[in-house]
Structure formats: structure tokens, C-alpha cells
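These notes concern the structure reproduced below.
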Amino acid sequence: MLHLRTPVLAYASLALSMALVGSYVALSKVLVLVFPVLLLAWLRFGIGAIAMANWVQRQPGEAPLSARDRKLLFWESFFGNFLFSVCMLFGVSLTSALAAGVIMASIPAVVAVLSWALLRERIAPRVQLGIACAVAGIALLSIAKSWNGGNNSSADPRALLGNLLLFAAVCCEATYVVIGKQLTANVSAKRISALVNLWGWTLVTPFGLYFAWQFDFTTVATGHWALLVFYSLAASMITVWLWMSGLRQVPAASAGVFTVMLPISAAAVGVVFLDEQFTVGHAAAFALALAGVVLATWPGRPTPATVAPPVG
């Protein structure tokens with residue numbers, strides 16, 4: 001089993017987690033054309049529950065869950081799994097990839113604000129500058145896309161609703177990061193992954209059963225089933241485990257900068273699989289985003305803060 005003993009491995013874990021999230025956010029646009037959103041979420045959590053069945057039990061040497069841990073696990077799943085999935089999937093189905101990129105760029109800033117307000121974490125000037133670079137990089141990426149054929153779908157009421165849902169997903173993701181920082185002090189990354197997934201499956205099951213009863217599963221192509229399995233394992237299992245493992249050693253504000261990998265990887269999927277043109281603007285945006293990560297993780301930064309008192 002991989003143990004993340006050094007900050008370098010922790011940073012790599014955080015970056016890979018968000019890169020995978022970005023890839024499945026982009027590819028989920030294909031899945032929402034095949035499955036109803038709430039049925040898709042139910043299938044995702046169900047497949048994840050099967051894959052992580054042996055992660056649910058407490059490991060040798062791990063302390064029992066406290067009442068506070070149980071409460072945090074519920075809220076971690078409610079915001080980070082259930083609400084994020086619903087808002088993200090509905091939002092992606094209603095708006096453009098350009099709008100999604102702009103909105104997802106706000107994740108590092110929202111994480112930093114919440115980590116300061118709720119975890120009492122000091123945001124070092126270097127991390128603040130890293131956040132600014134990350135946001136500027138993705139904003140530039142979105143502008144570059146608009147210069148090369150972006151549409152004006154923001155004027156569409158459906159797109160406006162989609163944009164609002166995506167921002168709600170951003171807030172859910174930021175809440176997920178902050179709550180996760182507190183959970184990792186007492187609960188293993190694998191067990192967090194399994195338990196929040198089970199809560200997500202429980203919350204969405206009434207809706208999933210309703211849509212499953214009416215859905216014709218024989219119409220789903222083999223390729224879409226394969227994509228569903230990738231989406232489910234990446235979203236419910238791999239990314240959560242990687243993120244919680246890395247978050248053990250990195251303050252939430254600094255970890256939030258790595259969420260910049262989400263919109264970057266989503267854009268990369270568009271370039272590789274959807275034949276979008278890669279321009280000088282794209283290259284500049286990626287450079288800014290990389291600068292943000294370097295600033296936030298440069299050797300000699302302050303030692304990670306201890307976990308703050310409970311939030312509520």
C-alpha cells in the first residue's frame with residue numbers, strides 16, 4: 001500500500017486527483033446525453049460501493065469513529081459527493097465548456113477563503129500569489145477559447161442556470177476540501193473514500209430507483225458502459241483516496257491551488273479527444289497555472305498548520 005511520507009508525494013497525489021476530476025467532468029458531458037443525471041449519479045455511487053466494499057471496515061490500529069467524525073463524513077458526502085455531482089452534471093448539460101472553465105477557475109480562491117474562515121489557516125503571501133496565478137491562467141485559457149470560436153451561450157437562460165449550478169458545484173468542492181482536511185486527522189483515506197461514497201449512494205438512491213424503473217438499459221452502447229465504469233471508479237474511488245492521502249500533509253489553502261488541475265485537464269481532454277485547437281493563449285494559460293502550483297509548493301514554505309478546532 002502506498003503511504004505518502006513526503007510533501008512531494010502529497011503534492012503529486014493532489015495534482016493527479018484533480019487532473020482525474022477534470023477528465024471525468026469533461027467526459028461526463030457524453031454520459032449525461034445517455035443517462036438521466038440522477039440515474040447516472042446513482043450508478044456511479046453503486047459501482048464505487050462495490051469496488052470499495054473492503055475499505056469500509058476500520059483498519060488495525062485505526063481509532064473508532066467519533067460522533068464528530070460521523071457528522072463530518074455525512075457533510076463531506078452531502079457537499080462533495082451528492083450536491084457536487086448533481087450540480088456539476090446538470091450544469092455541464094446546460095452550459096458551455098467555456099463557461100465551465102471560467103467558473104471552475106474560482107475553486108482555489110473559494111477554498112482559500114473557507115480555509116481561512118473555518119480552519120483558521122494563515123494564507124501565506126506566496127500562496128495568495130499562487131491562487132491569483134491559477135485563476136488568471138484558467139481565465140486566460142477561457143479567453144483563448146472564445147477567440148477561437150467560443151459562442152455566446154451565456155445569453156441563453158438555460159446556460160445561465162447551468163453557470164449558476166457550476167458555481168454551486170465550486171462551493172461544494174471548496175467545502176469538501178475544508179471538511180476533508182479535518183477528517184484526515186483521524187480517519188484513513190481509504191475509509192473516508194468508502195464511507196462518503198456510501199452516504200452519497202444512500203442520498204441519491206430514491207431518485208436513482210425512480211429513473212432506473214423507467215430507463216431502457218438495452219439502448220446503452222458498450223463504449224458508454226465502459227465510460228461509466230471509468231467515471232465511477234475515478235469519481236468515487238481513485239480521486240477521493242488520492243486527495244485525502246495528499247491532504248494529510250498539506251494545508252487546505254495550499255491544497256486548494258491544486259484544484260487548478262481540474263479545469264486544465266478538462267481543457268486537455270477537449271484538445272486531445274474533441275479536436276480543439278491548441279494556441280499560444282492556451283500555452284500562456286498553462287504556464288500561469290503551473291506557476292501557481294510552484295508558488296504554493298516551493299520548498300521552505302511554512303510547516304503545515306495543525307488542524308483547527310471543529311467547525312460547529
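Side chains included, hydrogens not; waters and symmetry mates left out as well; all remaining heavy atoms used.
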* To do: Step by step, work out the side chain to side chain contact (heavy atoms under 4.5 Å, CB included) result for L20 and L242.
  => CA-CA 10 Å; L20 282 172; L242 285 170; 4.2 Å; yes
Hey, what do you get for [atom1] ([X]) to [atom2] ([Y]), rounding to the nearest 0.5 Å?
X    : Y    : atom1 : atom2 : answer
L89  : L166 : CG    : CG    : 10.0 Å
F78  : F84  : CZ    : CZ    : 15.0 Å
F211 : L43  : CZ    : CG    : 12.0 Å
T175 : E76  : OG1   : CD    : 9.0 Å
W213 : L39  : CH2   : CG    : 14.0 Å
L228 : S28  : CG    : OG    : 11.5 Å

May I ask you to check whether over 12 heavy atoms, not counting those of [X], lie within 6.0 Å of atom [atom1]?
X    : atom1 : answer
F207 : CZ    : no
W199 : CH2   : no
Q214 : CD    : yes

May I ask you to test the [X]-[Y] pair for a side-chain heavy-atom distance under 4.5 Å?
X    : Y    : answer
K71  : F74  : no
L65  : L195 : yes
L40  : Y231 : yes
W201 : S236 : no
F90  : L161 : no
R58  : P64  : yes
V240 : N197 : no
W241 : S245 : yes

Exercise: identify the closest heavy-atom pair between [X] and [Y]:
X    : Y    : answer
I47  : S232 : CD1-OG, 3.5 Å
L94  : G162 : CB-CA, 3.8 Å
M52  : S193 : CE-O, 3.6 Å
N81  : V196 : ND2-O, 3.1 Å
S85  : F45  : OG-CZ, 4.0 Å
R191 : Q57  : NE-C, 3.9 Å

* Asked: Which pairs with one or both residues in residues 197-207 pass salt bridge (charged side-chain N to carboxylate O under 4.0 Å, His left out), sequence neighbours excluded?
  ->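 Counting only pairs at least two positions apart or across chains, no salt bridge (charged side-chain N to carboxylate O under 4.0 Å, His left out) contact touches residues 197-207.
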* Asked: Any donor-acceptor pair under 3.5 Å linking the side chain of T239 with the backbone of A234?
  ->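 A pair under 3.5 Å: yes.
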* Result of checking F217, W225, W42 against F35 for ring pair (Phe, Tyr, Trp, His ring centres under 6.0 Å) ->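 One option only clears the test, and that one is W225.
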